[in-house]
Amino acid sequence: MNKRCFELDLLRGAAVILMVCFHFGYDLALFGYTSYKTTVDIEWIVFRGVILSMFLLGVGMSSYLAYSDGINWKKVWKHTAKLTVVSVVISIGSYFIFPEQWIYFGVIHFVTIATLVSLAFLNRPYLALILGVGIIVSYILGYFHFDPILVYSVEHFSIPKYTVDVVSFTPWFGTVLIGMFLMHKKLFGIAIKENKTGQRVAFLGKHSLIIYLLHQPILFGVFNIIKYIR
């Protein structure tokens, strides 16, 4: 039986709402309805960082919640296989839509790898916290990043220099590790009372993957219809 946590589903649900808002703004710019640039303007960059942090904290929390009592490797490999298939579909789909900026390591690709690596820290939540904070701080200070690997990949493996979605292992794996510690501490004792609004938001969190996969095709379809009508 899958373990559920209302607070975790609520966090992911809130992230889903913000994600849809962000991509709606991204599509407005992409289709020429606004002049701002979501990949350049600092407020949009910060907005994306907040959304990604919420999702990746949730990844760490989910990993700890699901496997802290013991790793079910059959479940792990089934989940990994599903995410791998989704990652491949995203890469192929993005190549046809954005051939010069296709997604080679987006958020789902990252989650696939990060979830597996996070299993090594299930019984070491305090180490996860220390390492997580260390990864983020060292990245900010410029000591620990994967830019040389990215440059090498661009030069030798036809990886696009710019992509519509990329999630570097640093600093974002640090966020996943911190999420594991938060779940170990039961969200620092925070218990949110359930109500109808919260339940609706939590429902979105329970189905975050399918919403992630469908919302942009729907938005693209709507914008293309509007463009055609105009």
Side-chain angles (χ1 to χ4, degrees), residues 11-31 37-40 44-45 47-63 66 75-118 146-147 149-154 156-173 175-176 179 204-225:
L11 174 67
R12 283 192 296 224
V16 165
I17 294 172
L18 295 179
M19 173 188 69
V20 173
C21 292
F22 177 89
H23 284 149
F24 180 75
Y26 175 87
D27 293 344
L28 282 175
L30 183 66
F31 282 85
K37 296 181 179 180
T38 57
T39 57
V40 176
W44 285 95
I45 294 174
F47 189 22
R48 178 184 182 270
V50 170
I51 297 168
L52 196 53
S53 295
M54 293 170 69
F55 272 121
L56 298 185
L57 282 173
V59 169
M61 293 175 184
S62 296
S63 181
K75 180 180 177 181
V76 169
W77 295 124
K78 181 179 179 180
H79 181 68
T80 302
K82 179 178 71 173
L83 291 181
T84 300
V85 170
V86 171
S87 298
V88 172
V89 170
I90 289 173
S91 291
I92 294 174
S94 67
Y95 182 80
F96 284 102
I97 300 174
F98 304 103
E100 302 298 325
Q101 297 180 306
W102 60 278
I103 300 171
Y104 57 87
F105 198 75
V107 63
I108 303 300
H109 303 70
F110 172 84
V111 169
T112 304
I113 303 300
T115 300
L116 284 175
V117 178
S118 71
F146 282 86
D147 288 354
I149 296 177
L150 174 59
V151 172
Y152 183 87
S153 298
V154 168
H156 295 85
F157 300 114
S158 299
I159 299 298
K161 186 175 182 180
Y162 301 103
T163 174
V164 293
D165 181 32
V166 63
V167 180
S168 174
F169 207 74
T170 57
W172 294 111
F173 186 62
T175 308
V176 174
L204 299 177
K206 292 176 183 178
H207 303 282
S208 57
L209 179 59
I210 189 66
I211 295 172
Y212 174 84
L213 293 175
L214 293 180
H215 80 285
Q216 268 293 56
I218 292 173
L219 288 175
F220 261 66
V222 170
F223 276 108
N224 275 305
I225 290 173

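Every heavy atom of this structure was used, including side-chain atoms; hydrogens, water molecules and symmetry mates were not.
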Ser87 and its side-chain contact (heavy atoms from CB on, under 4.5 Å) partner, picked from Ile103, Thr112, Val111, Ile113: Thr112
Closest non-hydrogen atom pair, Ile108 against Leu83: CG2-O, 3.9 Å
Minimal non-hydrogen separation, Arg12 against Gly58, with atom names: NH1-O, 4.3 Å
Note, Asp165 side chain near Arg48 side chain (heavy atom, < 4.5 Å): yes
Nearest-0.5 Å distance that lies between atom CG in Asp27 and atom CZ in Phe22: 10.0 Å
Sub-4.5 Å side-chain heavy-atom contact between Thr175 and Trp172: yes
Passing option when Phe31 is tested against Phe223, Phe24, Tyr26 for ring pair (Phe, Tyr, Trp, His ring centres under 6.0 Å): Phe223
Given Tyr212, Tyr95, Trp102, Tyr104, the one that forms side-chain contact (heavy atoms from CB on, under 4.5 Å) with Ile90: Tyr212
From His215 atom NE2 to Cys21 atom SG, the distance as rounded to the nearest 0.5 Å: 10.0 Å
Trp77 vs Leu116, side chain to side chain contact (heavy atoms under 4.5 Å, CB included): CA-CA, chis, key distance, verdict: CA-CA 9 Å; Trp77 295 124; Leu116 284 175; 4.0 Å; yes
Point-to-point distance, once rounded to the nearest 0.5 Å, from CG of Leu219 to CG of Leu214: 11.0 Å
Short side-chain to backbone donor-acceptor contact, His109 and Gly106, under 3.5 Å: yes
Worked check of side chain to side chain contact (heavy atoms under 4.5 Å, CB included) between Leu30 and Phe220: CA-CA 10 Å; Leu30 183 66; Phe220 261 66; 3.5 Å; yes
Heavy-atom check, side chain of Ile92 versus side chain of Phe96, under 4.5 Å: yes
Interatomic spacing from NE2 in His79 to OG1 in Thr84 - rounded to 0.5 Å: 9.5 Å
Phe169 and Phe173 aromatic ring geometry - parallel, tilted or perpendicular at 30°/60° bounds: parallel
Non-hydrogen atoms of Ala14 and Met54 that approach each other most closely: CB-CE, 3.7 Å
Side-chain donor or acceptor of Ser118 paired with backbone N/O of Thr115 under 3.5 Å: yes
From OH (Tyr162) to OG1 (Thr39), nearest 0.5 Å: 10.0 Å
Which atom of Leu204 lies closest to which atom of Ile17, heavy atoms considered: CD1-CG1, 3.7 Å
